[in-house]
Amino acid sequence: MKFKSQKVAYYFFALSMLLFSLQIVYGFIMAFAHMGFDGLHEWIPFNAATATHKNLLVVWILSGFMGAGYFIIPDESDTELWSVPLALLQFYSFAIVGVIAVVGFHVGWFEGRKFLEIPRPLDYLVALNVILFLVILLMTMFKGKKRTTTAWVLTSGLVFAALLYLPGMIWFDNHTVDSFFRWWVVHLWVEGVWELIMGGILAYLLIKLTGVDREVIEKWLYVIVGLTFLSGILGTGHHYYFIGVPKYWLIVGGIFSSLEPLAFLGMTLFAIQMYRKGNKKHPNKLAIYWTLSTAVVSFLGAGLLGLAHTLPGVNLYTHGTLVTAMHGHLAFWGAYASLVLAIISYSMPLMTGRKIFDNTIGHMAFWFANIGMIGMTMAFAAAGVAQVYMERIMGLEFMKAQLEIEPHFFVLIIAATVFSIGVTLFIINFLKFGSPVDEAIGQGEEFSALQTS
Amino acid sequence: MLSKKQAKMFFLGGTAVFFLIFIGMTVDTLVNGVPKYTHASQIDDQVRLGRHLWDSNNCMGCHTIMGEGAYYAPELTKVYERRGPEYIKTTFNFPGGWRPNGRNMVEYNFTEQEKEALVAFLKWVGESDLNGFPPKPSVQLDK
Amino acid sequence: MSSEQHVLSREKNDILHPPGGILIWILIFLEVITFMIALSVFAYMRSRNAAMFAESQAMLNPLLGTVNTIVLLSSGYFMAEAVRKLRAGLLKLSVRYTLVTILLGLVFIAIKSFEYSQKIEHGIGLEYNTFFTFYWLLTGFHLIHVSVGIVILVFIYFSLRKGRYDARDHEDVETGAAFWHMCDLIWMLLFPMLYLIN
Amino acid sequence: MLNNKTGWLLLILFTLAGSWLSGLSHAFLALVMILFALKFFIISYQYMGLRFAHPFWRYSINIVVLGFVSVIIFSSL
């Protein structure tokens, strides 16, 4: 850690961990309900559970991104954060809005649009909050003398993420138009500007962890985010196949979204290549593990599993089935959850001065979480494919098909237990670091000395 | 070899061009496509109220519509055609919550007008041209 | 061995240095393969509905298409010459050839626009039928590439006039030229598929 | 040896031949596609300097173009 103000990141990371564990709890509630055990129905009906599960995901990942922003931007701009009190204000208001939203879901306060269930009044608070966050970051960048590409890519990703939230806040009479713009938010987030953020954080981590020349990494960073946008923007078409828009979206969406895996493949090859090129190995093994697993698993989950059902002819049958859940789980885990865990693994030793970066708990957390998530993906895949065949091809009624696939949810719960053990271990490790201390300032220097030699 | 300037131009230029194409297609879709495909002229106050109820009760948290939503309860795009209005209306205020096949629906307290509105919304959805979704099963085991 | 071959063979056996730079070649492969996928889908749709496709194809004007092909190929020739002259140190000629390339590119756009306006006059839009959906999407995307290519060439033209490039340092010109040739390559696939064969 | 000018002449010749042949009969489909593949190679090898490039790039483009042309020809037989 170079600067005192980087400690703000810790609060966001801690909030991230808290919400992540809550999200898993709601995941279990839903999995049990799918198996037929919906004893909590009176208190937490399925629609409240699913809204909470999805929104907690978005909020904890955003919280992780904000923490990453507060950690990375001062380092890259070579200056203290513009204003620590404002950053803390932003943190507390963010947490409060999150709590209100989650409590609201349980008393039936919804907006009811997939992924954007947060009610409209809270949307405005979120917008204000994010504006404050961006102002702090941009002021820090302008204050500092250095303006690195990595910092720019990260910041512009965050700025565009905020801008793209706006189309989701307009009311449209027509459900189709509403759907259309809802995907502007959701798709252009996860397959567009969030990948800018991902690229920025990944580049920062690779620069720090491998010691490869910054110029080389940033040059390829441009190429990869370029490829992401080339395929991702028109790839939005794969959400427009069946919502009541012209047929040309089938062609455009089909072709461009099948190119999307190439961007992820580029990201994977880039990370592995840089890792192999770097001759100085950073002692923080866990951060390296999580960084590389982000690159690899995002290709598997977002790239390959996405490709598996993105063609219009296939998607006609798999659209709106558990096949989507299969892709969604591994994609979010690989691309974004692992990324937040990677930046946490990297920054915690620097903020607290405790060098717990190669311990058994950490390694077990890594393997349990990843293996568990792959198991969950396979359970979803089996359930989804069975559902497609029974419901869409053989014409069985929805509920009859659902009863047939209940055993897959048993497998899902077992895999999810393995996954949760991994996440619990990660959080135990996180707690072991304790809180950040001022004595840790200057701690990163020994690693940067390693890199420049 | 590749210079950083070229890479930057590739990123900025590519993004700008593709975003412009996307905007163009969006405009065409919203102006020429959607009104025709979704019978936008038939959206009246009933449908509007139905959609509002649909959203504010988070029906998408269990059901799917146009294939979007959660995967806990049946897909409702063609439910008007499949079940008819009376059946749909029965499910809303069913004492203890509708539970036909082992999965609980929330018990609602809709007025007669609200029920009508939801039915009107589902009817409107069912009449939209969705490019062949939901697909016709090749075998009809349940028919 | 001419001087041109000397310059080029210097980089002969290096996989990371194809002529014009590695980024443009990654892009060229992506583009060519994308258009090939689209054309394969087009061919598949045609096999399922041959009569409608043949009827629609008859509504296109192969003469305009052929003229446009010749215009585009000639512009490609002038661009290749511009790069060759630059390598030989003949900056003035290079500037002139680049200008001719740009003008021919504009002629291509003009003819294409005329063709488009005729189609629109007859009420043949994006959603007329499957054939024309493909026609508009494919030629439209190609036209966008041509327009982007012209923007790039205009930048190169002014940089050349300012004397930013010479016989030794001209990689950007090669990259721009490669982009321009890519438009030719794509058109070599589109033209026979859309206008000629059935 | 091919140069830019003869390349251009061949390109124009092949274009006219392709248009003319396809107007005569649909039986010339394969021939037309082959003419256009040849033009593809003239542009990439002569104009874009691919003939001086690493074999990787040359083989890749050969495989891609020949693969596409043969798919089109054989699927129409």
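Letters A, B, ... are given to chains in the order of the sequence lines, protein chains preceding strands, and every chain is numbered from 1. The shown structure was predicted, so the numbers you read here are calculated from the model rather than taken from an experiment.
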Atom [atom1] in [X], atom [atom2] in [Y]: separation rounded to 0.5 Å?
X        : Y        : atom1 : atom2 : result
C:Met188 : D:Leu35  : CE    : CG    : 11.5 Å
D:Met48  : C:Met182 : CE    : CE    : 8.0 Å
D:Ile43  : C:Asp184 : CD1   : CG    : 4.5 Å
C:Leu196 : D:Trp20  : CG    : CH2   : 14.0 Å
D:Met33  : C:Met193 : CE    : CE    : 5.5 Å
C:His181 : D:Leu50  : NE2   : CG    : 11.5 Å

Is it the side chain or the backbone of [X] that comes within 4.5 Å of chain C heavy atoms, both, or neither?
X       : value
D:Ser19 : both
D:Ile42 : neither
D:Leu11 : both
D:Val32 : side chain
D:Val65 : both

- Results of side chain to side chain donor-acceptor pair (under 3.5 Å) for D:Ser44 - residues two or more places apart only: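 For D:Ser44, no residue satisfies side chain to side chain donor-acceptor pair (under 3.5 Å) once neighbours in sequence are set aside.
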If contact means a heavy atom pair closer than 4.5 Å, which residues of [range] contact chain D?
range                      : value
residues 98-136 of chain C : none
residues 66-80 of chain C  : C:Thr66, C:Thr69, C:Ile70, C:Leu73, C:Ser74, C:Gly76, C:Tyr77, C:Ala80
residues 27-57 of chain C  : C:Ile28, C:Phe29, C:Val32, C:Ile33, C:Met36, C:Leu39, C:Ser40, C:Ala43

- Item | For D:Ala53 against C:Pro19, the heavy-atom pair lying closest together | CB-CD, 3.6 Å
- Query: Looking at D:Phe28, D:Phe56, D:Phe40, which makes the most heavy-atom pairs under 4.5 Å with chain C?
  - Reply: D:Phe40
- Task: Sort C:Leu189 into side chain, backbone, both or neither according to what part of it lies under 4.5 angstrom from a heavy atom of chain D.
- Result: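 Side chain only.
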- Task: Take C:Ile22 and D:Trp57, measure what side-chain contact (heavy atoms from CB on, under 4.5 Å) needs, and give me the verdict at the end.
- Result: CA-CA 10 Å; C:Ile22 189 167; D:Trp57 297 102; 4.0 Å; yes
- Message: Quick one, D:Ser60 and C:Trp25 - any side-chain contact, counting heavy atoms below 4.5 Å?
- Response: no
